[in-house]
Amino acid sequence: MQQPNNPTDGASAADKLDDDTYPAYSMGRAAEILGVTQAFLRALDAAELLTPQRSAGGHRRYSRYQLRIAGRVRELVDTGNPLDAACRIVILEDQLAEAERINTDLQHALDDRPPENPLRAERTPSAGPAITRLGGM
């Protein structure tokens with residue numbers, strides 16, 4: 001699952017506090033917050049569901065966004081789903097949410113569109129899709 005834009009570029013300390021994508025949590029702290037083992041977080045990295053950023057020393061760093069994803073996977077695993085299935089479910093949930101967002105944006109664009117002009121060219125069904133005629137003729 002791709003991480004949004006790099007949050008560290010030119011951000012002030014105050015901006016980083018509010019940034020869901022800022023990698024503020026070490027692996028140990030992230031595991032403690034989620035109540036999981038560090039091995040669980042490494043498994044999510046190996047499954048390519050989460051790709052944590054790395055500190056200058058090479059240590060994994062997690063964002064709040066990534067912690068929410070890991071938390072959702074943990075919920076699914078705790079209900080009896082295998083890890084690979086839980087990762088797939090989270091990916092599908094993310095894709096569905098994105099499709100719904102796009103659908104809403106497109107619906108708003110259609111709602112904001114001015115009414116169609118009745119004199120606008122319309123397609124003639126019998127003439128094929130490339131030939132049009134003016135309305136009313």
Side-chain angles (χ1 to χ4, degrees):
M1 188 168 283
Q2 288 293 350
Q3 176 84 3
N5 301 336
N6 185 350
T8 59
D9 295 338
S12 72
D15 292 337
K16 292 175 187 176
L17 290 174
D18 295 330
D19 188 349
D20 257 4
T21 62
Y22 181 71
Y25 302 97
S26 67
M27 177 182 276
R29 182 70 179 126
E32 180 183 331
I33 290 169
L34 295 169
V36 299
T37 64
Q38 292 182 18
F40 179 81
L41 293 174
R42 282 191 292 273
L44 297 181
D45 190 3
E48 298 181 357
L49 181 68
L50 297 181
T51 305
Q53 291 190 18
R54 299 284 182 148
S55 68
H59 300 284
R60 290 175 175 91
R61 304 289 297 182
Y62 294 88
S63 67
R64 287 185 298 199
Y65 171 78
Q66 290 174 320
L67 293 185
R68 281 194 300 275
I69 292 169
R72 177 67 180 132
V73 172
R74 179 173 184 225
E75 290 172 5
L76 292 166
V77 168
D78 286 349
T79 61
N81 292 290
L83 182 62
D84 59 333
C87 290
R88 184 68 181 141
I89 290 168
V90 169
I91 290 167
L92 291 171
E93 288 174 342
D94 188 59
Q95 289 172 343
L96 177 61
E98 178 66 9
E100 288 173 338
R101 186 197 61 76
I102 291 168
N103 189 31
T104 299
D105 290 349
L106 290 172
Q107 188 60 51
H108 288 305
L110 283 174
D111 292 345
D112 294 341
R113 193 176 62 176
E116 250 185 64
N117 183 347
L119 295 177
R120 188 172 162 218
E122 59 185 49
R123 297 208 180 267
T124 304
S126 62
I131 301 173
T132 61
R133 63 181 171 93
L134 290 178
M137 294 185 121

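Residues take their numbers from the sequence shown, with the count starting at 1.
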Check whether any side-chain heavy atom of Arg60 sits under 4.5 Å from a side-chain heavy atom of Leu41, and report yes or no. no
For the residue pair Gln53 and Pro23, what are the closest heavy atoms and their distance? OE1-CG, 3.4 Å
Heavy atoms, side chains only, cut-off 4.5 Å: are Glu98 and Arg101 in contact? yes
Minimum heavy-atom separation for Gln66 to Thr51, with atom names? NE2-O, 3.1 Å
Could you list all the salt bridge (Lys or Arg N to Asp or Glu O under 4.0 Å) pairs where at least one residue sits in residues 84-93, not counting sequence neighbours? Arg72-Glu93
Backbone N/O of Leu76 and side chain of Asn81: donor-acceptor pair under 3.5 Å: yes
Within the structure provided, determine whether Tyr25 and Arg64 are in side-chain contact (heavy-atom separation under 4.5 Å). yes
In short, Phe40 meets Ala70 closest at the heavy-atom pair CE2-O, 4.0 Å
When every non-hydrogen atom of Gly28 is compared with those of Gln38, the smallest separation belongs to CA-NE2, 3.4 Å
Taking every heavy atom of Asp20 against every heavy atom of Arg68, the minimum-distance pair comes out as OD2-NH2, 2.6 Å
Could you list the cluster mates of Leu106? Members are the ILVMFWY residues connected by side-chain heavy atoms closer than 4.5 Å, either directly or through other members. Ile102
Using only heavy-atom distances, determine whether the side chains of Gln107 and Asp111 contain a donor-acceptor pair under 3.5 Å. yes
So OH of Tyr65 and CG of Leu50: to nearest 0.5 Å the spacing works out to 9.0 Å
